[in-house]
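Single-structure report; data block below.
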Amino acid sequence: MKYMLLIFNRPGFVEELAEAERDALFAEVGAIMKELTESGEWVGGEALADPSTTKTVRERGGQPAVTDGPFLEAKEHFAGYLTVDCESEERAVEIARRWPDVRYGGHMEVRAIMSEAGTEM
C-alpha cells in the first residue's frame, strides 16, 4: 500500500539550530532516506519552497481569487512530503515517527493513497 507522509514544520526552525544540530538533523534524514531506498519502500518526495512564495486559490463571490501565502492560523506549514510503499499502515507510521522534524515542533500526517479505482473511500 502506498502512503503519503505529509511534513508540517515550524518555519525557520532549521535556521535556529546550531551548525552541529543541523548537520545531525540532515544526517538523520539521510539515514532514513537510505534505508527506505535500500528496502524498496521509497517512491518519491520533495521539500517545498518557503511558504511566503505560496499562492492560494479560493472561491470569492463566485469566482476563483488568488492570494499570496497560505496564512493559516497555525504555527506550522506544509513543508514537503514523502511517498512510501509499505506493507502496512503501522510501518508508514513508524517512518513518520522517526522523521526528525517532529522533535522540533512539527508533525507528520500519514495518508493512504487511493488506488485508481478509489475503492478505499
Side-chain angles (χ1 to χ4, degrees):
M1 180 79 180
K2 289 183 184 172
Y3 293 89
M4 183 169 282
L5 284 55
L6 305 169
I7 305 165
F8 292 84
N9 62 28
R10 188 173 49 79
F13 89 92
V14 172
E15 292 78 15
E16 295 170 0
L17 299 175
E19 185 176 354
E21 292 174 309
R22 269 194 309 275
D23 291 346
L25 179 129
F26 292 132
E28 192 172 348
V29 168
I32 294 170
M33 298 303 294
K34 182 176 189 245
E35 173 190 324
L36 295 175
T37 300
E38 289 175 353
S39 71
E41 295 172 300
W42 173 254
V43 176
E46 297 290 339
L48 299 176
D50 188 271
S52 66
T53 66
T54 302
K55 301 291 184 206
T56 300
V57 179
R58 291 189 173 93
E59 183 273 330
R60 288 221 168 50
Q63 296 295 320
V66 180
T67 57
D68 290 335
F71 303 120
L72 300 174
E73 295 298 323
K75 293 180 182 176
E76 301 89 19
H77 69 275
F78 180 42
Y81 67 95
L82 309 169
T83 304
V84 295
D85 193 350
C86 301
E87 290 294 320
S88 67
E89 180 180 73
E90 291 78 16
R91 172 63 177 148
V93 169
E94 180 210 336
I95 296 164
R97 289 181 64 168
R98 293 174 47 211
W99 201 257
D101 295 36
V102 172
R103 290 194 314 272
Y104 293 94
H107 69 273
M108 298 281 285
E109 184 176 318
V110 177
R111 306 229 0 223
I113 296 174
M114 292 193 319
S115 68
E116 290 182 27
T119 56
E120 299 84 353
M121 304 254 328

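More than 12 heavy atoms of other residues, nucleotides or ligands shown are found within 6.0 angstrom of CD on Glu59. Around CZ of Arg22, the count of heavy atoms belonging to other residues, nucleotides or ligands within 6.0 Å exceeds 12. Residue-environment remark: CD (Glu16) exceeds the threshold of 12 foreign heavy atoms within 6.0 Å.
Between Phe78 and Phe8, the ring-plane angle classifies as tilted under the 30° and 60° cut-offs.
Note: Thr54 OG1 to Leu48 CG = 8.0 Å, rounded to the nearest 0.5 Å. Separating the CE atom in Met1 from the CE atom in Met114 is a distance of 9.5 Å, to the nearest 0.5 Å. One finds the CH2 atom of Trp99 at 9.5 Å from the CD atom of Glu28 (value rounded to the nearest 0.5 Å). Taking NE2 from His107 and CD1 from Ile7, the interatomic distance works out to 11.0 Å, rounded to the nearest 0.5 Å.
A salt bridge does not link Arg103 to Glu21: none of the charged nitrogens lies less than 4.0 Å from a carboxylate oxygen.
Between Ile95 and Cys86, the shortest heavy-atom distance links the atoms CD1-SG, 3.9 Å. Nearest heavy atoms, Val29 versus Pro100: CG2-CG, 3.5 Å.
By the criterion of side-chain heavy atoms lying less than 4.5 angstrom apart, applied directly or through intervening Ile, Leu, Val, Met, Phe, Trp or Tyr residues, Tyr3 is grouped together with Trp42 in one hydrophobic cluster. Hydrophobic clustering of Ile, Leu, Val, Met, Phe, Trp and Tyr side chains at less than 4.5 Å, counting indirect connections, unites Phe26 with Phe13.
When each of Val110, Thr83, Val93 is paired with Leu5, the side-chain contact (heavy atoms from CB on, under 4.5 Å) condition holds for Val110 and for no other. For the side-chain contact (heavy atoms from CB on, under 4.5 Å) test with Leu82, the passing option among Glu41, Met33, Met4 is Met33; the others fail. Among Ile113, Leu36, Val43, the single residue meeting the side-chain contact (heavy atoms from CB on, under 4.5 Å) criterion with Val84 is Leu36.
Panel note: side chain Tyr104, backbone Val14; no donor-acceptor pair is recorded below 3.5 Å. Remark: the backbone N or O of Asn9 is paired with a side-chain donor or acceptor of His77 at under 3.5 angstrom.
A heavy-atom distance below 4.5 Å is found between the side chains of Lys55 and Asp68.
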